[in-house]
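Presented below is the structure to which this report refers.
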Amino acid sequence: MSLCEFPDDEHFSNLEAMVVQIGPKEVLIPAEVSLEADKIKMIMERSGALVTVCKKSDFSTDNLVQDMNKLILFKEGQQQNSNALPQMNFATATSALAALVKYLELCSDQENFGQFVMVTLDQARYVYLDTAAVNALNLLPTPGAMAHRRNHSVLGLLDKCCTPQGHRLLSQWVKQPLKDLAAINERLDVVECLIDDMELRQALLEDHLRRIPDLQALAKRIQRKKATMQDCYRIYQAMQRLPMLLDALKNQNGGHAHPTLRTVLIEPLQELIGDMKNFQEMIETTLDMDYVDKGEFLIKPEFDEELQEMREKMNELEDKIKSQLNKAARDLSLEPHKTIKLESNSQYGYFFRVSLKDEKALRGQSTYTVLDSVKNGVKFRSQKMTNLNEEYSQLKEQYTEQQKKIVSEVITVAVSYSNPLQQLSDVLAWLDVVTSFAAVAAGAPGPYVRPTMLEGGGQRVMRLKQCRHPCLEMLTNTTYIPNDIHMEADKCTLLMVTGPNMGGKSTYIRSAGVTALLAHIGCFVPCDAAEMSVLDAILARVGASDSQIKGMSTFMVEMVETASILRMATPNSLVIIDELGRGTSTYEGCGIAWAIAEYLAKEVKAFSLFATHFHELTRLPEEVPTVHNCHVTAVTSDDENSLTLLYEVRPGACDQSFGIHCAKMARFPTHVIDDAKQKLADLEDYQGDISASDSATKRKIIKEGEELISEFLSECKKLKKDELSDEDLEKAVTKLKDEIIKKNNPYVSALGVAA
Ligand SMILES: Nc1ncnc2c1ncn2[C@@H]1O[C@H](COP(=O)(O)OP(=O)(O)OP(=O)(O)O)[C@@H](O)[C@H]1O
């Protein structure tokens with residue numbers, strides 16, 4: 001039971017980050033009609049969690065201490081009173097815990113007693129990730145995604161794990177990037193060892209880890225006394241193999257294993273293997289290995305006197321039963337094992353069988369009773385055989401009972417091993433994930449390097465040399481064009497990326513986000529060189545997730561997500577914003593995007609990557625020197641009919657727009673393209689007229705121009721069309737037109753009103 005409490009803003013941003021990191025399947029909330037409750041429901045839905053509304057009274061903590069006293073497993077020497085646990089001081093979290101205990105009816109099943117521990121969930125350990133960032137960076141596969149699309153998500157790309165516990169841990173790591181430099185470096189150290197040592201990596205992947213069962217699930221079954229002898233045997237088998245895995249690790253670097261490898265893996269494994277030694281011995285003395293190959297997991301008769309006695313009696317009876325076959329064969333003049341056979345099944349126990357062809361031998365034999373007669377023959381028994389079978393069945397039943405009794409004794413003893421087993425599972429999952437990281441880095445089409453991670457509090461930098469998008473580069477038919485990303489506090493904190501549609505803007509800014517995430521989970525990164533200071537948050541606003549929240553317009557979603565970014569971002573955050581301001585009128589959208597970029601660069605100073613089609617924004621560096629322009633490149637053919645995208649990112653703003661080329665490539669009708677070209681020419685004239693003005697003046701001119709136009713239109717509307725002749729109507733319109741032209745607004749003139 002993990003508890004935590006934290007203050008939050010009115011948008012529940014911290015709660016959202018926590019939900020992203022934990023990924024709960026179901027969430028309980030009290031029945032309450034309030035704006036807060038609606039917001040929480042919305043966040044949970046967005047994160048794919050099922051919301052269950054509980055009665056408010058379920059959140060009462062009246063019985064919590066008694067309940068916890070039953071459920072918690074207190075450590076030796078610890079006060080056996082849950083009230084003394086530090087987490088019980090959380091006023092809100094404990095009431096949520098009370099609701100959970102009630103909902104899951106934990107106290108109504110005695111098997112739950114003494115099965116839980118209570119810990120504090122430390123959300124400050126992880127880099128803050130919001131749902132938008134998880135979606136924007138494609139961290140998780142879309143539910144139901146086909147296997148061949150696994151490289152489309154970061155988790156799919158990284159998952160080369162061999163064990164179920166490895167898969168689970170990796171999916172946790174991807175959602176919980178670390179802020180702790182030492183912990184990141186610990187992972188990186190081991191990944192580096194495994195990249196450098198191909199033999200060790202392959203031995204782990206192909207020989208050792210592949211054979212490890214889900215020890216965590218087995219530990220849980222043992223702890224709940226639900227395990228079988230087969231489960232114990234699986235643990236036993238894994239334990240038999242672990243010394244070889246340990247030796248392989250010890251042999252790293254010619255027997256001088258890296259210190260981190262020693263402290264994080266070798267030493268804990270060695271200790272846990274030692275802790276499990278008695279378990280192995282117990283299985284060796286109790287389990288009948290002769291039957292294991294046949295898929296039967298029985299207690300050795302020699303282990304228990306009673307069992308031994310019963311087994312001997314059963315053997316005797318079996319011999320007697322076998323001798324009955326010869327007798328019957330003689331009586332019926334059949335050949336034993338050939339025309340008459342001794343068989344057994346669960347319905348009848350032992351019986352004889354003859355084929356339908358030989359059935360006549362039975363006719364007139366009153367000492368034999370037919371059990372059934374089907375296609376594959378006639379089953380029958382003599383009276384003597386029936387008696388022996390009866391005796392044997394009873395004995396077998398007692399034998400099975402005795403077996404069960406001993407199995408349950410063995411499992412009771414095994415409970416004490418569930419803890420080391422759980423720890424073993426954790427260490428092996430850790431090893432599985434870092435081995436998977438190493439395998440991904442070693443198998444990628446381009447180089448992966450160890451990122452140099454710097455303390456977040458120092459001089460903030462992000463220098464990625466020839467960075468690639470790890471998922472995109474894996475797609476077949478793609479030659480990925482790598483690009484540099486350089487940001488540094490006080491020099492360049494915001495990159496404004498412009499360029500043609502499909503030119504690679506989104507890919508460029510996302511590659512930075514994914515690379516930063518990889519570095520923070522302890523993985524090597526797809527770059528030629530990488531250096532970055534530890535981040536506290538990765539925040540994103542990208543167009544793709546628009547339809548995710550029901551009942552909100554695209555623009556509203558965009559604003560909500562952006563507002564959350566502005567609230568959460570600090571100088572240590574990485575912000576990725578793609579195509580902001582598209583959902584509203586061009587000028588408004590551009591204005592909002594400008595204001596947000598300016599705020600991020602001037603006030604927040606977070607490292608930000610901004611991809612935009614608003615060319616206007618390329619003027620921001622004139623006002624804020626830490627904003628730098630860059631653009632994705634493309635070339636057009638001489639006849640302007642084709643556009644080649646180069647995906648290379650160069651400094652400076654994009655000097656040309658390629659929307660019309662894209663429209664041509666998408667086979668728009670020619671007249672639409674021609675119309676668009678004409679409009680573009682008109683607008684460019686206008687741009688020319690006022691291009692000398694700074695952006696503030698330009699915005700003012702546009703605003704005034706739009707007011708003049710709407711004034712003109714409403715005056716036109718007032719004209720009495722039905723009463724005026726065509727000629728008078730034209731005169732009246734021309735007069736109105738002349739009036740606005742006299743105002744000399746360049747925007748109005750450029751729109752061709754004068755003509
Ligand atoms: N660096 C690259 N190397 C190779 N291919 C790339 C690269 N970057 C992008 N691409 C290809 O171009 C496609 C479009 O890229 P992306 O979506 O990043 O463009 P964009 O500029 O954001 O487009 P739009 O402005 O239309 O949203 C990608 O799906 C990918 O196939």
Side-chain angles (χ1 to χ4, degrees), residues 132-133 135-138 142 148-149 151-154 156-157 444-448 464-486 495-515 525-528 530 540-547 554 558 575-583 586 589-590 593 597 608-618 629-636 642-668 676:
N135 292 330
L137 303 182
N138 290 82
T142 38
H148 70 273
R149 291 175 65 95
N151 286 339
H152 288 227
S153 74
V154 174
L157 174 86
Y448 267 61
L464 310 178
K465 211 161 172 255
Q466 297 291 283
C467 173
R468 312 182 308 277
H469 193 297
C471 299
L472 200 68
E473 75 165 343
M474 293 303 285
L475 302 184
T476 42
N477 310 329
T478 309
T479 310
Y480 194 90
I481 311 297
N483 284 297
D484 292 351
I485 297 162
H486 280 187
L495 281 176
M496 187 67 73
V497 192
T498 45
N501 293 88
M502 294 293 287
K505 298 184 292 299
S506 307
T507 309
Y508 177 67
I509 63 175
R510 288 174 207 217
S511 69
V514 175
T515 302
V525 293
C527 303
D528 283 0
R541 160 60 224 163
V542 170
S545 65
D546 289 356
S547 57
T554 309
E558 181 167 53
V575 177
I576 290 170
I577 295 187
D578 200 357
E579 307 271 354
L580 188 73
R582 276 199 144 182
T586 315
C590 181
S608 314
L609 291 134
F610 223 92
T612 185
H613 282 285
F614 294 128
H615 200 74
E616 280 267 303
L617 297 191
T618 58
N629 280 319
C630 60
H631 65 282
V632 287
T633 45
V635 285
T636 50
S642 73
L643 179 71
T644 310
L645 302 165
L646 302 176
Y647 308 119
E648 245 177 65
V649 178
R650 300 220 180 106
C654 180
D655 55 3
Q656 201 186 343
S657 182
F658 298 93
I660 290 181
H661 291 90
C662 285
K664 259 192 206 167
M665 283 158 69
R667 296 182 198 284
F668 265 46

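Order of listing sets the numbers, starting from 1, for every ligand and every atom in it. Note that these values count all heavy atoms, side chains included, but never hydrogens, waters or copies made by symmetry. This is a predicted model, so every value here is computed, not measured.
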Could you walk me through whether S506 and D578 satisfy the side chain to side chain donor-acceptor pair (under 3.5 Å) test, starting with their C-alpha distance in whole Å, then the side-chain angles of each, then the deciding distance to 0.1 Å, before giving a yes or no? CA-CA 7 Å; S506 307; D578 200 357; 2.7 Å; yes
Using the rule given for side chain to side chain donor-acceptor pair (under 3.5 Å), can you reason through N483 versus Q466, listing the C-alpha separation, both sets of side-chain angles and the distance that settles it, and then say yes or no? CA-CA 4 Å; N483 284 297; Q466 297 291 283; 5.7 Å; no
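Residue P500 has at least one heavy-atom neighbour below 4.0 Å for each of these atoms of ligand 1: 21 (O). For ligand 1, the atoms closer than 4.0 angstrom to any heavy atom of H613 are 25 (O).
Here the side chain of R541 pairs no donor or acceptor atom with the backbone of A133 at under 3.5 angstrom.
Among residues two or more places apart in sequence or in another chain, the side chain to side chain contact (heavy atoms under 4.5 Å, CB included) test is passed with S153 by P141, L155.
In this structure, SG on C590 lies 13.0 Å from NE2 on H613, to the nearest 0.5 angstrom.
Inclusion of G504 in the set of residues having an N or O under 3.5 Å from an N or O of ligand 1 is warranted.
Relative to atom 15 (O) of ligand 1, the option among T507, D578, L472, T498 with the closest non-hydrogen atom is T507.
In this structure, G503 has a heavy atom closer than 4.0 Å to ligand 1.
Residue contacts with ligand 1, taken as heavy atom pairs separated by less than 4.0 Å, do not involve R510 at all.
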